[in-house]
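One structure is given below, encoded as structure tokens.
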Amino acid sequence: MRDLKRNQRKMHYSLYIEQENESDFDVLDTVAKYSAPVEFKASLTAGKSDSGDSPFGKDISYDRIISTVNKDLPITETSLIWYGTEPVLLEDGSADPSSADYKVAAALLDGLDGIRIAIKRIAKSNVPKDDKKDDVTEDNGNKEDNSDSSGDDLEDW
């Protein structure tokens, strides 16, 4: 009963590779780069337990725990995790970090028979990045095109 197949969930992980500098002059233009996502299966808890029985300590904030007997899994503290969504790839084949669902929250707990990984949910914006569709509303059966939305774009803030 260490790692039942029926308890395993399909997830993806991506490993941190390096930081790329978009500009030769500004150090603040560095962007984290991640490897291509790799699929794996492991058990995933339904939610966080209380701090009284937390194996990762009282000060670690995490949402779920991944547990597996696959000790060869190369996930580290800088890895990203996808569960429930498919990873988005960039043009160079690397993972888009903004599409990840979870990040690793603490150092892995390595036991005799398996590992446990604390993961923290990454907050995502509900506003789509490319909202170029036409806004169509119905008013008494007539369709009205409101594609000129000059004042409600979030980039104008």
Side-chain angles (χ1 to χ4, degrees), residues 1-133 135 152-157:
M1 254 180 47
R2 293 184 338 198
D3 204 10
L4 292 174
K5 289 203 182 274
R6 69 178 180 180
N7 292 338
Q8 293 181 356
R9 304 289 178 250
K10 182 178 108 172
M11 294 176 265
H12 293 85
Y13 70 85
S14 183
L15 304 175
Y16 174 79
I17 298 174
E18 62 187 29
Q19 284 194 355
E20 278 187 354
N21 192 348
E22 299 287 325
S23 169
D24 292 334
F25 302 108
D26 194 2
V27 180
L28 297 177
D29 284 342
T30 58
V31 177
K33 187 172 181 179
Y34 288 86
S35 67
V38 177
E39 183 179 320
F40 74 104
K41 289 190 174 188
S43 298
L44 185 65
T45 62
K48 178 182 166 184
S49 61
D50 62 354
S51 63
D53 64 350
S54 174
F56 298 97
K58 265 172 56 170
D59 296 332
I60 301 298
S61 175
Y62 63 94
D63 294 320
R64 298 176 106 171
I65 298 174
I66 297 172
S67 61
T68 183
V69 296
N70 182 5
K71 295 184 74 161
D72 296 329
L73 207 58
I75 295 176
T76 64
E77 292 95 354
T78 58
S79 300
L80 298 176
I81 308 289
W82 286 263
Y83 173 67
T85 61
E86 288 295 316
V88 175
L89 298 177
L90 299 174
E91 291 133 7
D92 61 355
S94 62
D96 181 8
S98 65
S99 70
D101 298 318
Y102 294 92
K103 62 182 178 180
V104 177
L108 282 61
L109 292 180
D110 191 8
L112 292 175
D113 294 328
I115 57 174
R116 292 196 291 178
I117 306 163
I119 57 175
K120 178 80 175 157
R121 186 135 183 81
I122 298 173
K124 294 185 182 181
S125 173
N126 290 334
V127 179
K129 290 181 183 178
D130 193 19
D131 194 13
K132 304 242 186 240
K133 65 181 180 180
D135 293 318
D152 60 353
D153 193 5
L154 291 177
E155 293 179 357
D156 293 342
W157 280 49

- Item | Qualifying residues under side chain to side chain donor-acceptor pair (under 3.5 Å), relative to Thr78, sequence neighbours excluded |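 Only Thr76 meet the side chain to side chain donor-acceptor pair (under 3.5 Å) criterion with Thr78.
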
- Item | side chain to side chain donor-acceptor pair (under 3.5 Å) against Tyr102, all qualifying residues, sequence neighbours excluded |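 For Tyr102 the side chain to side chain donor-acceptor pair (under 3.5 Å) partners, ignoring immediate neighbours, are Arg64.
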
- Message: Is the shortest side-chain heavy-atom distance between Glu39 and Lys10 below 4.5 Å?
- Response: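 Counting from C-beta outward, Glu39 and Lys10 do come under 4.5 Å.
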
- Is any side-chain heavy atom of Phe40 closer than 4.5 Å to a side-chain heavy atom of Leu73?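 Yes; the side chains approach each other to less than 4.5 Å.
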
For [Y], is there any backbone N or O sitting under 3.5 Å from a side-chain donor or acceptor partner on [X]?
X     : Y      : value
Ser67 : Arg116 : no
Asp63 : Arg121 : yes
Ser35 : Ser14  : no

- Item | Residues Tyr13, Val104; criterion side-chain contact (heavy atoms from CB on, under 4.5 Å); working and verdict | CA-CA 10 Å; Tyr13 70 85; Val104 177; over 6 Å; no

- Item | Trace of the side-chain contact (heavy atoms from CB on, under 4.5 Å) decision for Val38 with His12 | CA-CA 5 Å; Val38 177; His12 293 85; over 6 Å; no

State, to 0.1 Å, how close [X] and [Y] come at their nearest heavy-atom pair, and which atoms those are.
X      : Y     : answer
Ile66  : Ala42 : CG2-CB, 3.6 Å
Ala105 : Ser61 : CB-O, 3.5 Å
Pro74  : Leu15 : O-CD2, 3.3 Å

- Item | Evaluation steps, side-chain contact (heavy atoms from CB on, under 4.5 Å), between Asp101 and Ile81 | CA-CA 6 Å; Asp101 298 318; Ile81 308 289; over 6 Å; no

- side-chain hydrogen bond (donor to acceptor under 3.5 Å, both in side chains) assessment of Asn7 paired with Ser43: CA-CA 5 Å; Asn7 292 338; Ser43 298; 5.1 Å; no

- In Å, rounded to the nearest 0.5 Å, how long is the span from OH of Tyr83 to CG of Leu44?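 One finds 5.5 Å between OH of Tyr83 and CG of Leu44.
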
- Query: Do other residues, nucleotides or ligands put more than 12 heavy atoms under 6.0 Å from the NZ atom of Lys103?
  - Reply: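 No, because the 6.0 Å sphere around NZ of Lys103 holds 12 heavy atoms or fewer from other groups.
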
- Item | Pairing residues for Lys41 by the salt bridge (charged side-chain N to carboxylate O under 4.0 Å, His left out) criterion, not counting sequence neighbours |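 Once residues adjacent in sequence are excluded, Lys41 has no partner under the salt bridge (charged side-chain N to carboxylate O under 4.0 Å, His left out) criterion.
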
- Between the side chains of Thr68 and Asn70, is a donor N or O closer than 3.5 angstrom to an acceptor N or O?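 No, Asn70 and Thr68 have no side-chain donor paired with an acceptor closer than 3.5 Å.
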
- Quick one: salt bridge (Lys or Arg N to Asp or Glu O under 4.0 Å) pairs with a partner in residues 70-79, sequence neighbours left out?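 Of all non-adjacent pairs touching residues 70-79, those that pass salt bridge (Lys or Arg N to Asp or Glu O under 4.0 Å) are Lys71-Asp110.
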
- Message: Among residues at least two apart in sequence or on other chains, which ones pass side-chain contact (heavy atoms from CB on, under 4.5 Å) with Ser94?
- Response: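 In terms of side-chain contact (heavy atoms from CB on, under 4.5 Å), with neighbours along the sequence ignored, Ser94 is linked to Lys33, Leu90, Asp92.
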
- Message: Among residues at least two apart in sequence or on other chains, which ones pass side-chain contact (heavy atoms from CB on, under 4.5 Å) with Ala100?
- Response: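 Leu80, Trp82, Ile122.
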
- Ile65 and Ile117: CA distance, side-chain angles, deciding distance, side-chain contact (heavy atoms from CB on, under 4.5 Å) verdict: CA-CA 5 Å; Ile65 298 174; Ile117 306 163; 6.0 Å; no

